[in-house]
Trainee: 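First the structure, then my questions, so here it is.
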Amino acid sequence: MKSLQAGNVFLADCPARTAIEVIAHKWSVVVLFALSEGPKRHGELVTLTGGISRKVLTETLRKLQANGLVTREAFAEAPPRVEYALTPLGETLQEPIRMLTLWARENGEALVDHQESYSRT
C-alpha cells in the first residue's frame with residue numbers, strides 16, 4: 001500500500017492531487033450525487049442540484065466528462081434529448097460521496113452554528 005502522508009499524496013505532480021482537485025470543485029460532488037440514481041437530463045440536474053445556474057452546470061458536466069467521470073449521450077430525437085450518466089470510474093465515487101453526504105447531514109447544523117458564532121466575534 002502506498003503512503004497516505006500528505007507530503008506524498010498531494011505533491012503538485014501526484015495524480016491523487018489532480019483527483020482531489022476534480023472532485024473538490026464546488027458543484028462536482030453535488031452533480032455526481034445527483035447522477036447516483038441513474039441518467040439525468042440537463043433540466044433534471046438543474047432541479048436536483050438546486051442553486052446551480054445552467055451555465056455552471058454545463059461547465060461542471062464538461063469538466064466531469066473530460067475527466068472520465070460522466071458520459072453525455074445525445075439521442076437522435078425531435079426535440080433533441082441529451083442524458084448524462086456516471087461512467088464506471090464515476091461509479092467508484094458513489095460510496096465516498098454517500099459517506100460525505102451522511103457526514104454533511106449529521107454535522108451541517110453544527111458547522112452553521114460555528115460559522116455564526118465565529119462571525120459574531
Side-chain angles (χ1 to χ4, degrees):
M1 183 170 152
K2 292 186 179 183
S3 173
L4 293 180
Q5 295 174 335
N8 295 331
V9 175
F10 296 116
L11 292 173
D13 61 347
C14 182
R17 182 167 170 175
T18 301
I20 293 296
E21 288 173 359
V22 169
I23 63 171
H25 178 270
K26 178 178 180 177
W27 293 106
S28 291
V29 170
V30 175
V31 171
L32 292 167
F33 187 71
L35 290 170
S36 66
E37 294 183 354
K40 302 280 185 285
R41 295 177 73 173
H42 196 273
E44 292 175 290
L45 289 169
V46 169
T47 302
L48 285 171
T49 54
I52 190 171
S53 71
R54 289 182 175 273
K55 178 184 178 223
V56 172
L57 175 59
T58 298
E59 291 169 356
T60 302
L61 287 164
R62 284 182 181 153
K63 185 173 185 176
L64 293 172
Q65 186 178 359
N67 284 285
L69 300 173
V70 169
T71 62
R72 178 186 185 274
E73 184 175 3
F75 296 89
E77 299 175 352
R81 177 171 59 106
V82 174
E83 287 186 346
Y84 297 90
L86 296 175
T87 64
L89 182 60
E91 292 280 349
T92 67
L93 284 167
Q94 291 313 292
E95 182 61 21
I97 290 172
R98 189 181 72 74
M99 295 302 297
L100 183 59
T101 301
L102 289 172
W103 182 89
R105 285 181 181 154
E106 292 172 2
N107 298 286
E109 193 171 315
L111 288 174
V112 171
D113 291 344
H114 284 286
Q115 288 173 351
E116 289 173 353
S117 66
Y118 184 80
S119 66
R120 288 190 289 256
T121 59

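Every value quoted in this text rests on a predicted model; they were computed, and no experiment measured them.
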Trainee: Grouping I, L, V, M, F, W and Y whenever their side-chain heavy atoms are under 4.5 Å apart, do Val82 and Ile52 come out in a common cluster?
Mentor: yes

Trainee: On a heavy-atom basis, which atom in Glu83 and which in Pro39 lie closest, and how many Å separate them?
Mentor: OE1-CB, 3.6 Å

Trainee: Return the CG to OH distance between Leu69 and Tyr84, rounded to the nearest 0.5 Å.
Mentor: 14.5 Å

Trainee: Compare every heavy atom of Thr49 with every heavy atom of Val46, then report the nearest pair and how far apart it is.
Mentor: O-OG1, 3.4 Å

Trainee: Out of curiosity, Thr60 OG1 to Gln65 CD, how far, rounded to the nearest 0.5 Å?
Mentor: 12.5 Å

Trainee: How many angstroms lie between atom CD of Gln94 and atom OG1 of Thr101, to the nearest 0.5 angstrom?
Mentor: 9.0 Å

Trainee: Check this for me: Phe75, atom CZ, are more than 12 non-hydrogen atoms of other residues, nucleotides or ligands nearer than 6.0 Å?
Mentor: yes

Trainee: Using side-chain contact (heavy atoms from CB on, under 4.5 Å) as the criterion, list what pairs up with Glu37, not counting sequence neighbours.
Mentor: Lys40

Trainee: Please check if the side chain of Thr87 supplies one atom and the backbone of Gly68 the other of a donor-acceptor pair under 3.5 Å.
Mentor: yes

Trainee: Looking at Lys55, Arg62, Lys63, which one forms a salt bridge (charged side-chain N to carboxylate O under 4.0 Å, His left out) with Glu59?
Mentor: Lys55

Trainee: Side-chain contact, heavy-atom cut-off 4.5 Å: His42 with Leu57?
Mentor: yes

Trainee: Test of understanding: with side chain to side chain donor-acceptor pair (under 3.5 Å), list the residues that count as partners of Glu73, not counting sequence neighbours.
Mentor: none

Trainee: Atom CG in Leu100, atom CD1 in Ile97: separation rounded to 0.5 Å?
Mentor: 8.0 Å

Trainee: Work out which heavy atom in Ser117 is nearest to a heavy atom in His114; give both atom names and the distance.
Mentor: OG-O, 3.0 Å

Trainee: Kindly determine whether Leu45 and Leu35 satisfy side-chain contact (heavy atoms from CB on, under 4.5 Å), including the steps that lead there.
Mentor: CA-CA 8 Å; Leu45 289 169; Leu35 290 170; 3.8 Å; yes

Trainee: If I take atom CG from residue Leu93 and atom CZ from residue Arg98, how far apart are they, to the nearest 0.5 angstrom?
Mentor: 13.5 Å

Trainee: Nearest 0.5 Å, please: how far is CG in Leu64 from OG1 in Thr71?
Mentor: 11.0 Å

Trainee: Would you find more than 12 non-hydrogen atoms of other residues, nucleotides or ligands less than 6.0 Å from Glu109 atom CD?
Mentor: no

Trainee: Which atom pairs, one a donor and one an acceptor, fall under 3.5 Å between side chains of residues 20-33 and the rest of the protein, sequence neighbours left out?
Mentor:
{"unit_1": "Glu21", "atom_1": "OE2", "unit_2": "Arg17", "atom_2": "NE", "d": "3.4"}
{"unit_1": "His25", "atom_1": "ND1", "unit_2": "Trp27", "atom_2": "N", "d": "3.2"}
{"unit_1": "Ser28", "atom_1": "OG", "unit_2": "Val22", "atom_2": "O", "d": "3.0"}

